[in-house]
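Chain identifiers are assigned alphabetically (A, B, ...) following the order of the sequence lines, protein sequences preceding nucleic acid strands; residue numbering begins at 1 within each chain. The figures that follow rest on heavy atoms only: side chains count, while hydrogens, waters and symmetry mates do not. From a predicted model like this one, the values you see are computed outputs, not experimental measurements.
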There are 2 protein chains.
Amino acid sequence: MPRVVGRIGARGIAELLGAWHPGRATSTALHRAVRRLVLDGRLAPGTRLPAEREFAEALGVSRTLVVRALERLREDGFAESRQGSGSWVRLPGDRAVADTGGWPPATPDLINLAQATLPAPPELTTALDRARLRFPAHLAGHGYQALGLPELRERIAETHTRRGLPTSPGQILVTNGAQHGFALVLRALISPGERVLVEHPTYPNPLQAIRGVGAEAVAVPMLADGWDLELMAATLQQATPKLAYLIPDFQNPTGLRMSAADRERLVAVLRRTRTTAVVDETLVDLDLTGETPPPPAAAFDEERVITLGSAGKSFWGGLRLGWVRAPEDLVRRLLLDRAAVDLGSPILEQLLFTELLADAGPMLERRRAHIADLRSALIAELAEQLPGWTFRVPDGGLALWCDLGAPVSSRLAVEAEQHGLRLVPGSRFAVRGTLERYLRLPYTLPPGQQGEVVRRLARAAARFEGAPDPGPLDVPIS
Amino acid sequence: MPRVVGRIGARGIAELLGAWHPGRATSTALHRAVRRLVLDGRLAPGTRLPAEREFAEALGVSRTLVVRALERLREDGFAESRQGSGSWVRLPGDRAVADTGGWPPATPDLINLAQATLPAPPELTTALDRARLRFPAHLAGHGYQALGLPELRERIAETHTRRGLPTSPGQILVTNGAQHGFALVLRALISPGERVLVEHPTYPNPLQAIRGVGAEAVAVPMLADGWDLELMAATLQQATPKLAYLIPDFQNPTGLRMSAADRERLVAVLRRTRTTAVVDETLVDLDLTGETPPPPAAAFDEERVITLGSAGKSFWGGLRLGWVRAPEDLVRRLLLDRAAVDLGSPILEQLLFTELLADAGPMLERRRAHIADLRSALIAELAEQLPGWTFRVPDGGLALWCDLGAPVSSRLAVEAEQHGLRLVPGSRFAVRGTLERYLRLPYTLPPGQQGEVVRRLARAAARFEGAPDPGPLDVPIS
């Protein structure tokens, strides 16, 4: 019998399913909705489902409908049942998972819009050739560099100093990406049951990390054009979260940038409420405005602001390197705690990143111009083929945050799969399953493919034209 | 004021200090003992110490003695005090930490015996040249491979199959080292308050990982020549740990290997008590016996045994790659959970490791012969200069587990620092602060340096000749 890893109650799954059908409760709709939860990772493979009767009661549907949906799930390989043991969800086959190396399975001709990330720049291979020459000097050592290579920490410190935040190498801990840096910070500063303030919508992986340490995410909704600092102040005061996870530079997924004045106000609020902010600067280099950028958030208060950096978006996701910039005593503490998670980042990768940082300016300039072109191309395709979708042109970053005009994002994602398109519905960027009106649409594919993406999107979206709107779902979470 | 990250009570620090003086309680002895706790990472920088009077009472010494020891700690940069706020420990300066990249600070001429690990083999650079040719094919992709590169998973599966455990790539998750793999397994299978059985002594980093998820390590003492399977069975029955972390191949630090018959008995016990074992095979390639090895533990029960592998000892620590071998459904679950910690391992590093595995046999053969020579050289030096130290010649791995004849390991480590030698005292391999009679002594330094190591050791040890033995401390933990 397969490993059963947990169970979900009838009310729990009803809540996860949310508005699972477009007006008519059918077994097909339930089948697709559960399948989507599994593909999204919101329902872990191995989770035991509630008994059919309770499941049906919680959804307000007939038991026969649930039985049929389960049958379909079993046929597709998304569920398994055994007499007396009930049913549990699974992922179909192993092959597909193995092929993509990503989280959900994919078919070969699928266009994947789950990752908003670009191919590597050509400078990567020449940087590798330089790193290759410096590699042998390290091979006589044991190779453990839990803080990071000194020369890389120096280069990273210089990038902060250049952007207006004087930084010493002692304030830098090299990590395996920004997410790894955040996981280390959470491990050091957060105990189970404590709260972490997040923006809403926000990037889903940090939410998973927050849940992973047994903490609770407290969401403050974004405004259409920025941060609601008054509500944030009130939330910090009332919910007393210990940390705030914020993305002031091209907020993921909204693409908004926090103004200098708001950064100053934010830091004043942090001081007043004695909260520390973890500021994720993963996208900071991808500024598409051409304006003088506001000072880094940490420039307003070095003690209250921890900064996360990443090579993943500015350079390439396959590097898997990032860093934490923090007061030196906290860097030392993160270092001591790190041994519980891993023993440092790879040497060769760090040499490669050091070389990339040596002369990143012109490369980043070209990259920004290229991204701006991609953004324009996607906007033009949408204007032509999906004029009902609306969005604010983002200040930077790699994606549009589209308002679909109706709460259909999850159902659109299921439908799009039939058209060879992997989407991440808006609800993935919510603390709980709301934001069904929204879709994050990356403009990271080659221009030729973007037209094809929008054609497939339009075909998938056509299914929901005129479908009854089940009413407002996007109740702000506070 | 520096960040205070926690506090320790008077009884807590008294317990951590254990037998902190060689017979006479002086402020010098207390100063050194606290310093050692900080260097070891057993007392985290930023921990607030108890008030002087309570501290003195818990140790049964005068308050003046404690005050003087604190003064010395402040002078060295290991403590800081403020009127009204008490004292807290810290690490001196940042420079030293930055220089080593390791956990505790080090001085330039220090010989570091904290890591039992070898320099990289020459094959690494030729493997890199081959990987370099295959790198550009990956640069057009997004670079996220959370399961690991398919070709690497295939190669790793082949190594298991060759050693008598048929394995498919779907059973392999590539990680950033064995410790990272263990952290992912703990995150998936262990909840706070649950128990994990460990060998005693054992490798300290997994203990830190176990504490990190809020679980409790339950220790079963090793016998002089192997595993006490009866006691293990009784402990599994009575303490009902959910997992067991075991190192059957060249147990770290004892160097023992579990026989085939014991592996079979172990698995029978796991089945009976419904426990899953996480078997760390980091050292499995470093077999120095020349005998036919016993079958892998997982060959006796694939469901009950999760295997951790690592490139760190067989190849090089600077690679920072390892893997988990587990049932396919568990691999998928680890994958889904992984996003909370990091988003995958670097592509280039994985290509390099794939190339290394392509033809690892002859390289590992030479490596084993080299390690056997190093082991003989260290044993010869010890026989000449420290004949009172005893040890069992290990079956494999990279270190001797020396019985010092008296419970002086921590004090020896402090003294050795004055002689330019960084040691890890035996107590670091204990679940709590015992094993003071033991020292793990790696034979991974070049032959010329090993003589110097033993000379410095002998000079440091001479300080404790004839020192009164404060009595038996190594009470087995159960």
Gap between atom CG of B:L128 and atom CG of A:L139 - 0.5 Å precision: 9.0 Å

Best-contacting candidate, B:S191, B:A209, B:P204, B:G143, against chain A by heavy atom pairs under 4.5 angstrom: B:G143

Residue from A:N205, A:D342, A:V341 passing side-chain contact (heavy atoms from CB on, under 4.5 Å) with B:V341: A:V341

Value rounded to 0.5 Å, distance of CD in B:Q208 from CG in A:D337: 6.5 Å

Top contributor to chain A contacts, counting heavy-atom pairs under 4.5 Å, from B:A140, B:G312, B:G177: B:A140

Contacting region of A:L319 [heavy-atom separation from chain B under 4.5 Å]: backbone

Close side-chain approach of B:H142 and A:L118, heavy atoms under 4.5 Å: no

Rounded distance [0.5 Å steps], CD in B:Q179 versus CZ in A:R338: 11.5 Å

All pairs passing ring pair (Phe, Tyr, Trp, His ring centres under 6.0 Å) where residues 168-191 of chain B contributes a residue, at least two apart: B:F182-B:Y245

Interface moiety of B:L124 toward chain A, non-hydrogen atoms closer than 4.5 Å: side chain

side-chain hydrogen bond (donor to acceptor under 3.5 Å, both in side chains) involving B:S310 - partner list, sequence neighbours excluded: none

Shortest non-hydrogen separation from A:R132 to B:D129 and the atoms involved: NE-OD1, 2.6 Å

Rounded distance [0.5 Å steps], CZ in B:R320 versus CD in A:Q350: 11.0 Å

Part of B:L352 lying under 4.5 Å from any heavy atom of chain A: side chain

Choice from B:P446, B:P136, B:G317, B:A183 maximising heavy atom contacts with chain A below 4.5 Å: B:G317

N/O donor-acceptor pair under 3.5 Å between A:W316 side chain and B:G141 backbone: yes

Chain A contact via B:S345 - side chain, backbone, both or neither, heavy atoms under 4.5 Å: backbone

